[in-house]
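First comes the structure, then the notes that go with it.
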Amino acid sequence: MNSPIWNARHKPIVVGLQLSDKEQSLIATAASLAQKLQSPLELVHATQPIFSYMGAGDVVVNPYYGYDRVVTDIEEEEARKAMEKVKASIPSGITVNTHVLRDYNSEAVTTIANETHAGLILCGIQRDSKDSLFAGMTTAFSLASHAEVPVMIVPLDSKLDFTTRPRLLVADNLEIEGRHALEAGIHLGIELDCSELCHVHVNQLAHRDVEHLVKKVKEAMNLGRIPENPAFSTEAYENQIRSKIVDDLKYRFHNSQGAAQLKPKYDALVNFGSPVDELHRTATDRKSQIMIFGRHHLFHRRGLALGKVPYSAMVEEGLATLIVPDTEPAQLTEARSTP
């Protein structure tokens with residue numbers, strides 16, 4: 001089974017732009033990735049619908065109601081001129097198309113991604129916002145939660161160079177979402193000739209939880225309810241858990257398409273504790289340039305519950321995040337069913 005990211009080579013990369021002065025690094029990152037994947041760029045800017053500036057009760061009485069078309073024309077013309085400047089700044093040899101839509105940001109990007117049969121969506125986030133923990137991520141989260149293709153999120157102050165061999169980190173929950181993330185990571189690692197693919201599972205048992213469990217087991221041993229084992233300890237038990245999970249990770253990796261090409265660069269790792277904290281720590285320790293995880297980190301579709309978002313890692317300088325859909329795009333499924 002192929003991963004959705006497998007279709008990224010030669011497929012359009014859709015880039016959402018606010019047309020702010022802070023997006024130079026994002027544009028350079030997009031150009032570098034497009035060159036590496038030999039993909040065209042589809043640059044998208046959304047001019048916000050005029051009525052979104054007004055309260056629901058203001059639409060009828062607003063004195064400028066009749067001038068919305070004029071305002072729209074002016075905004076769109078200014079946006080098109082700005083987009084042409086961006087296009088001119090991108091190295092020659094890369095096919096670039098620009099789109100200005102009167103819509104909300106995530107809807108505009110999704111529309112172009114669907115129309116162009118894109119293989120990837122790229123958008124930026126602010127790292128230095130003091131207003132809210134998730135300020136600047138509304139569009140990114142919206143895209144990552146419903147787009148049919150992977151969404152790569154890059155801090156706006158980070159410029160990634162894909163001519164180098166990046167270090168990849170794949171977060172795997174050992175369920176189907178982790179399987180999609182792993183397959184995407186393998187194919188992306190092949191395309192980018194990565195220097196490392198670190199395959200990580202975070203066991204949510206904290207060290208104190210293991211200590212508590214070990215204490216109860218030892219009590220049962222002392223009471224003769226289970227056979228005594230002098231070697232049994234917190235460290236020994238953690239090592240047993242870690243060894244079993246590492247075996248599971250390696251089994252998933254070696255049974256994935258393309259794994260043989262990355263075998264020398266592969267490393268399986270198990271951490272204990274909070275997925276949010278451990279993914280950040282691991283990404284920092286391993287000096288990863290791309291972190292890959294499934295959509296379940298945002299929310300769980302089956303239970304409609306919020307996931308554990310590793311926000312601190314997602315805004316780490318020099319670290320892009322690739323969020324992989326939990327289902328494959330319809331066009332890929334249809335393509336595989338065609339004789």
Side-chain angles (χ1 to χ4, degrees), residues 12-35 39-118 120-132 134-144 146-147 151-160:
I13 299 173
V14 176
V15 185
L17 296 175
Q18 295 286 340
L19 295 178
S20 74
D21 294 335
K22 298 180 179 181
E23 292 179 322
Q24 285 85 356
S25 293
L26 176 65
I27 294 165
T29 297
S32 177
L33 185 58
Q35 285 178 320
S39 297
L41 288 177
E42 303 288 340
L43 308 182
V44 182
H45 174 74
T47 56
Q48 196 169 4
I50 188 69
F51 292 127
S52 68
Y53 300 127
M54 309 171 187
D58 296 333
V59 174
V60 175
V61 299
N62 192 290
Y64 299 105
Y65 178 72
Y67 301 94
D68 60 311
R69 183 68 259 172
V70 176
V71 174
T72 296
D73 290 343
I74 293 173
E75 288 185 347
E76 290 183 355
E77 181 61 26
E78 291 175 347
R80 287 193 179 91
K81 290 179 179 178
M83 291 285 270
E84 287 303 315
K85 289 183 179 179
V86 173
K87 180 178 179 179
S89 70
I90 293 175
S92 59
I94 301 175
T95 300
V96 183
N97 300 306
T98 61
H99 310 267
V100 176
L101 279 68
R102 174 64 60 168
D103 206 340
Y104 297 99
N105 295 329
S106 60
E107 283 78 2
V109 172
T110 302
T111 295
I112 299 303
N114 291 337
E115 289 180 356
T116 61
H117 302 290
L120 187 68
I121 292 173
L122 185 66
C123 58
I125 56 171
Q126 287 269 29
R127 284 202 322 133
D128 57 356
S129 175
K130 299 178 178 61
D131 298 331
S132 167
F134 295 107
M137 293 200 69
T138 304
T139 298
F141 276 166
S142 178
L143 287 167
H146 70 260
V151 176
M152 182 175 285
I153 301 173
V154 184
L156 287 178
D157 58 356
S158 297
K159 179 181 176 181
L160 300 182

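Positions are given from 1, in the same order as the sequence printed here. Note that the coordinates shown come from a computational prediction; the quantities given were computed from them, not determined experimentally.
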Residue list, side chain to side chain donor-acceptor pair (under 3.5 Å) with Asn97, at least two apart or on another chain: Glu42
Heavy-atom pair with the smallest gap, counting every atom of Ala140 and Ile153: CB-CD1, 3.7 Å
Verdict with supporting geometry, Val100 and Thr98, side-chain contact (heavy atoms from CB on, under 4.5 Å): CA-CA 7 Å; Val100 176; Thr98 61; 6.0 Å; no
Reported CD1-to-CG distance for the pair Ile125 and Leu156, which is rounded to 0.5 angstrom: 7.5 Å
Residues 23-30, side-chain donor-acceptor partners within the protein, below 3.5 Å, at least two apart:
| residue | atom | partner | partner atom | Å |
| --- | --- | --- | --- | --- |
| Glu23 | OE1 | Gln18 | N | 3.3 |
| Glu23 | OE1 | Leu19 | N | 2.7 |
| Glu23 | OE1 | Ser20 | N | 3.2 |
| Glu23 | OE2 | Gln18 | N | 2.6 |
| Gln24 | NE2 | Asp21 | O | 2.9 |
| Thr29 | OG1 | Ser25 | O | 2.9 |
| Thr29 | OG1 | Leu160 | N | 3.0 |

His99 side chain reached by Thr111 side chain, heavy atoms, under 4.5 Å: no
Heavy-atom pair with the smallest gap, counting every atom of Ile90 and Ala31: CG2-CB, 4.2 Å
Passing candidate, side-chain contact (heavy atoms from CB on, under 4.5 Å) with Leu101, options Thr47, Val109, Ile112: Ile112
Donor-acceptor pair, side chain of His45 and main chain of Leu17, under 3.5 angstrom: yes
Distance (rounded to the nearest 0.5 Å) between Ile13 CD1 and Leu33 CG: 4.0 Å
Steps toward side-chain contact (heavy atoms from CB on, under 4.5 Å) verdict (Leu143, Cys123): CA-CA 9 Å; Leu143 287 167; Cys123 58; 4.2 Å; yes
Where at least one partner belongs to residues 83-93, residue pairs that pass salt bridge (Lys or Arg N to Asp or Glu O under 4.0 Å), sequence neighbours excluded: none
